Amino acid sequence: MSGHTHPCCKIGPSILCADLSCLADECRRMIHSGADYLHLDVMDGHFVPNLTFGHPIVKCLRPKMPDVYFDMHMMVQNPERWVENMADAGANQYTFHVEACDDIPALCRKIQESGMRVGVGLKPGTPVETILPYSDLFDVVLIMTVEPGFGGQRFMEDMMSKVQYLRTNFPDLDIEVDGGVGPSTIDVVAEAGANMIVSGTAITGAADPSQVIALLRNSVENAIQKSQLER
Ligand SMILES: O=C(CO)[C@H](O)[C@H](O)COP(=O)(O)O
Ligand SMILES: [Fe+2]
């Protein structure tokens with residue numbers, strides 16, 4: 001018998017392409033549609049060629065939904081700069097990009113000490129080996145399946161080898177995927193072993209987001225069940 005517990009399936013809509021002038025309403029709509037958490041994309045115009053929002057918005061959103069898990073996807077240069085602000089704003093997970101970071105272990109510790117879960121993000125061109133020396137220091141690995149910066153891009157299936165490698169070597173790790181994930185791409189994502197599923201346009205643009213969330217969940221839960229039977 002294996003002592004491992006496969007981490008459970010969580011669906012986190014990205015509100016990047018939703019109506020940001022009604023952010024709280026859009027977030028509530030996602031939670032009422034069955035989302036497990038919210039994936040909030042922070043862009044600074046330097047690390048990626050686009051701008052979104054920062055901790056002041058998160059701080060305003062928090063009291064409107066006190067119990068919702070906020071995963072901050074920090075597509076920013078100098079990610080160490082915003083840790084305290086995001087913790088203070090009520091973020092639960094701080095996912096930074098290793099490409100933007102000079103001292104990965106120091107940043108992981110800083111995030112952990114501030115009370116948030118530690119996420120490390122990898123752009124498509126960054127090999128998974130980059131983070132292996134620090135595996136004791138993070139809770140989640142985010143595998144980007146598009147070049148970060150914009151919603152609605154095409155899913156990169158060749159990133160699944162990174163997911164497979166991580167799932168094989170770290171059975172208990174939370175593995176998150178982000179970019180172009182939706183009903184037509186979820187099966188390969190689930191098979192590869194990802195359990196935290198970010199999906200933007202496929203959910204927020206759907207006529208019935210709850211149907212899409214249920215479909216994504218079903219695919220991932222089936223794959224988890226199958227992998228446990230094979231043990
Ligand atoms: O980090 C991101 C882009 O950099 C977004 O989270 C991602 O693109 C989600 O949108 P979609 O599912 O439409 O690709
Ligand atoms: Fe994202």
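This is a predicted model, so every value here is computed, not measured. Both ligands and their constituent atoms are indexed starting at 1 by order of listing.
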Among side-chain atoms of [X] and [Y], is any donor-acceptor pair under 3.5 angstrom?
| X | Y | value |
| --- | --- | --- |
| Tyr165 | Glu129 | no |
| His55 | Asp88 | no |
| Asp71 | His73 | no |
| His39 | Asp178 | yes |

Please test Lys226 against Glu191 for salt bridge (Lys or Arg N to Asp or Glu O under 4.0 Å), starting from the C-alpha separation and ending with a verdict.
-> CA-CA 9 Å; Lys226 198 172 142 215; Glu191 281 286 322; 3.3 Å; yes
Heavy atoms only: give me the nearest Ser219-Asp187 pair and the separation to one decimal.
->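 So the two residues come closest at OG-OD1, 2.6 Å.
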Contact residues of ligand 1, where a non-hydrogen atom lies under 4.0 Å away |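 Lining ligand 1: Ser14, Leu16, His39, Asp41, Met43, His73, Met75, Met144, Pro148, Gly149, Phe150, Gly151, Gly152, Asp178, Gly179, Gly180, Ser199, Gly200, Thr201.
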Regarding Lys10 and the six-membered ring of Tyr69, is the cationic atom NZ or CZ under 6.0 Å from the ring centre and inside 45° of its axis?
->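 No.
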Distance under 6.0 Å and angle within 45° of the ring axis: does Arg62 meet both against Phe70?
->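 Geometry flag: set, cation within 6.0 Å and 45°.
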Looking at side-chain heavy atoms only, is the closest gap between Thr145 and Glu157 below 4.5 Å?
->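 With C-beta onward as the side chain, the pair stays apart.
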Using a cut-off of 2.8 Å, how many protein N, O or S atoms lie below it in distance from the Fe ion (ligand 2)?
->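 Count of protein N, O, S atoms less than 2.8 Å from the Fe ion (ligand 2): 4.
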